[in-house]
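To find a chain, count down the sequence lines: A is the first, B the second, and so on, and within it residues start at 1.
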2 protein chains.
Amino acid sequence: MVTMRDVAKRVGVSVATVSRVLNDSGYVKEDTRKTVLAAIEEMNFKPNSVARSLFKKQSKTIGLIVPDINNPFFPQLARAVEDVTSEADFTVFLCNSDGKIEKEIRYFDRLQQKYVDGVLVVSNTLKPEHLSQYHFPIIALDRPLDSSLPYVTCNNYEGAQKATRHLLECGCGKIAHISGPENIANARDRLQGYKDVVSEVGLYDENLIIPAEYQIESAKRAAFKLLTNYPDIDGIFAGNDVMAIGVIKAAELLGYKVPEQLKVVGFDGIEFGDIITPELTTVSQPVYQMGSTAAAMLLDLIEGKPIHQKEITFQVELLVKRSTQT
Amino acid sequence: MVTMRDVAKRVGVSVATVSRVLNDSGYVKEDTRKTVLAAIEEMNFKPNSVARSLFKKQSKTIGLIVPDINNPFFPQLARAVEDVTSEADFTVFLCNSDGKIEKEIRYFDRLQQKYVDGVLVVSNTLKPEHLSQYHFPIIALDRPLDSSLPYVTCNNYEGAQKATRHLLECGCGKIAHISGPENIANARDRLQGYKDVVSEVGLYDENLIIPAEYQIESAKRAAFKLLTNYPDIDGIFAGNDVMAIGVIKAAELLGYKVPEQLKVVGFDGIEFGDIITPELTTVSQPVYQMGSTAAAMLLDLIEGKPIHQKEITFQVELLVKRSTQT
DNA sequence: TTGTAGGCGTTATCAT
DNA sequence: ATGATAACGCCTACAA
């Protein structure tokens, strides 16, 4: 591994000079600049970022903590984050927390020890008191953590309203909701959006709400239960797309025709909503944009730039597909 | 940020002693050990891994380079890699190369500058001459790069044979193949597996092979073309699941009943093969296992342990679902 | 314009 | 059993 020392020796200058041309700081005679540059090229010298980090106390590195990169939605987010930060010559540490706070904290500690310049985190449980000890900017992604922490999310409440209203407009008279885990803020917001709309039109019935995990099987079971107990349900708003898929599967097994007898709406806008038959009507989030915005914001924070807005909420969009169109 | 120095001062010992208890190396009197530990706890001291890296020339960090974390398959791989390495107290840099060699090289350079201890890479194009300058172990994942480089992959050739034979056994007499990009080794192997089997039974016809990208739309177009030109095709082996989904979509649009009139087999075993109707028969790879094995292998290499096997090829499994069952 | 030297926080060697 | 001290590779006062 060739170091600045080697380059300096080769050219016959001091390391300080090499450092200067590297960072073009301070005065360097054009001549020596050229020779040094030539030598760097020739020797294929690459500055050692670890040494640099040690000195500068920053590493051109950020952490991205998600519950599980396996779940659709997070890969897109990760890709956006990596695209933006990579452009700025940053590298991304990927961390899977499984939504467990101990893991989240373990990662935060590790990341701090590695001098990350900032962290993007998707979490439900982290509180400011956990975070106060970390001396780098942190932005919450997808799920707001605390009013003191900048965050990027989308309008889950309105999205849920749009979904529910859409079912109403499609003529549904008995609309059920399969809600996500209640410890997840977006699930609560979506639930509330649903409740408010059905209440408005006098269709609220708490028996039509069943909680499930954000997973196919779990939603399938929930839908089974719902449709068995209330066979006249004609619309289901599922808390996310994965669950909506579960609903369609369950409906199929029970002999319901979607959308003729039962209309289904999801939430998220994952790519695979289109592969199910019928294609899934859903409330789509601008996932990539959320990721890239959060990343850009983090970079600003890292560079000490003033931040325009601490809280960013993206609007969502109802994508009407076959699962609600008769 | 509290350092060893602070701890040492607090306890009234030298940094050397603190370092010793930290790494429990060398002799330390039990008493002082306890006091130091207590101080560490109390002051919430965490050793600075950057400084440590600088000295040790290794960072407890690895790089994972994939074409695009967005494509199904890679998140699972990433998760496996992260699980295994995280357990060993390593952190993972996530890099998206888009399969472009310039990006791959840029990442390699960056990673080397950061003293990563090793790299796992999914690439088609990288050659040993690109890699020779890097002084850390490298393992190719999913796609073998070169005989000189350890790799972990699966038996694509046999998998393709299984898929094709299965179609034969289902009674198909005219079996087409939509192949993946020919610069990707696994696509070539799958194609060859298909060719060999249809040739064996005298059904080989080069017109029944159409190349496409590993994407839904691309495969949809290819399937359209195939089915339009040869309406009597009764079986299609798609180069991967995503393409198989495209095929089913196309068939649906053209009014083919799958599996009654047309049977479809995919490759990969991605989770979403089950959400399409009919559920997709596929050749499933042990993705998680491939990732965790490669990661474990890399860790061994990093620790200088002897490696049992430089080349690991996992067996694949035919999962028969509805898309081939009448 | 350039060089010297001290320090970033650890670890490891050598004394004591 | 413990303490100085010199690295690790880079950056930045401060001198020259």
J.: B:Y134 and ring pair (Phe, Tyr, Trp, His ring centres under 6.0 Å): which single residue from B:Y115, B:Y107, B:F108 fits?
T.: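 In the set B:Y115, B:Y107, B:F108, the residue that makes a ring pair (Phe, Tyr, Trp, His ring centres under 6.0 Å) with B:Y134 is B:F108.
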J.: Return the value, rounded to whole Å, for the distance between atom NZ of A:K56 and atom P of C:dG9.
T.: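 To the nearest whole Å, that distance equals 16 Å.
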J.: Is the distance from OP1 or OP2 of D:dC10 to the nearest side-chain N or O of A:S19 less than 4.0 Å?
T.: no
J.: Does a side-chain N-to-carboxylate-O contact under 4.0 Å join B:D146 and B:K127?
T.: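 Salt bridge: no.
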J.: Does a side-chain N or O of A:K57 approach OP1 or OP2 of D:dC11 to a distance below 4.0 Å, or not?
T.: no
J.: Atom CD of A:Q112 and atom P of C:dG9: how far apart are they, to the nearest Å?
T.: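 Nearest whole value for this atom pair: 13 Å.
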J.: Between D:dG9 and A:T3, is there an OP1 or OP2 to side-chain N/O distance shorter than 4.0 Å?
T.: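 Negative; the distance criterion is not met.
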J.: Could you state the atom-to-atom distance from CD1 of B:I40 to P of C:dG9 in whole Å?
T.: 16 Å
J.: Counting only side-chain nitrogens and oxygens, does B:T32 get under 4.0 Å of the OP1 or OP2 atom of D:dT2?
T.: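 Yes, within the criterion.
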J.: Whole angstroms only, please: what is the CG-C1' distance between A:L54 and C:dT10?
T.: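 Rounded to the whole Å, the gap is 8 Å.
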J.: In terms of the nearest nucleotide of DNA chain D, which residue is placed more toward the 5' end: B:R33 or A:P47?
T.: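 Mapping each residue to its closest nucleotide by heavy atoms, the 5'-most match is B:R33.
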J.: More 5' along DNA chain C: A:Y27 or A:V15, using each one's nearest nucleotide?
T.: A:Y27
J.: Starting the side chain at C-beta, find the nucleotide from D:dC10, D:dG3, C:dT4 nearest to A:A16.
T.: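 For the A:A16 side chain, the nearest candidate turns out to be C:dT4.
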J.: Is B:R10 salt-bridged to B:D6, cutoff N-O under 4.0 Å?
T.: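 A salt bridge is absent here (no side-chain N lies under 4.0 Å from a carboxylate O).
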J.: Find the distance B:F55:CZ to D:dT5:C1' and express it as a whole number of Å.
T.: 12 Å
J.: A:R20 has an atom CZ; how far is it from atom C1' of D:dA13, in whole Å?
T.: 10 Å
J.: Out of D:dG9, C:dT11, D:dC11, which has the shortest distance to the side chain of B:M4?
T.: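 Looking only at heavy atoms from C-beta outward on B:M4, the closest nucleotide is C:dT11.
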J.: Any Lys/Arg nitrogen of B:R79 or A:D98 sitting under 4.0 Å from an Asp/Glu carboxylate oxygen of the other?
T.: yes
J.: Consider the side chain of B:K29, meaning its heavy atoms from C-beta on, and name the nucleotide among C:dG3, D:dA1, D:dT5 that approaches it most closely.
T.: D:dA1
J.: In this structure, how many angstroms lie between the P atom of C:dT10 and the NZ atom of A:K114, rounded?
T.: 13 Å
J.: Rounded to the nearest Å, what distance is computed from the CG atom of residue B:N48 to the P atom of nucleotide C:dC8?
T.: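 Between P of C:dC8 and CG of B:N48: 12 Å.
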J.: Heavy atoms from C-beta onward define the side chain here; which of D:dG3, C:dG9, C:dT11 lies closest to that of B:L22?
T.: C:dT11
J.: Measuring from the side chain of B:V13 (C-beta onward, heavy atoms only), which nucleotide among C:dT10, D:dG3, C:dG9 has the closest atom?
T.: D:dG3
J.: Among C:dT2, D:dG3, D:dC11, find the nucleotide with the atom closest to the side chain of A:N23.
T.: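 Nearest to the side chain of A:N23 among the choices is D:dC11.
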J.: Does C:dT11 have its OP1 or OP2 closer than 4.0 Å to a side-chain nitrogen or oxygen of B:R52?
T.: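 Yes.
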J.: Using modelled atom types only, decide if a donor and an acceptor are shared between the side chain of A:T17 and the backbone of A:V13 within a distance under 3.5 Å.
T.: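 Side chain of A:T17 to backbone of A:V13, a donor-acceptor pair under 3.5 Å: no, none is there.
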J.: Between D:dC10, C:dG9, C:dG3, which nucleotide gets closest to the side-chain atoms of A:T17?
T.: C:dG3
J.: Check every atom of C:dT11, C:dT2, D:dC11 against the side chain of A:V28 and return the nucleotide holding the closest atom.
T.: C:dT2
J.: Would you mind checking if B:R110 and A:D89 are paired as a salt bridge, meaning a charged N to carboxylate O distance below 4.0 Å?
T.: yes
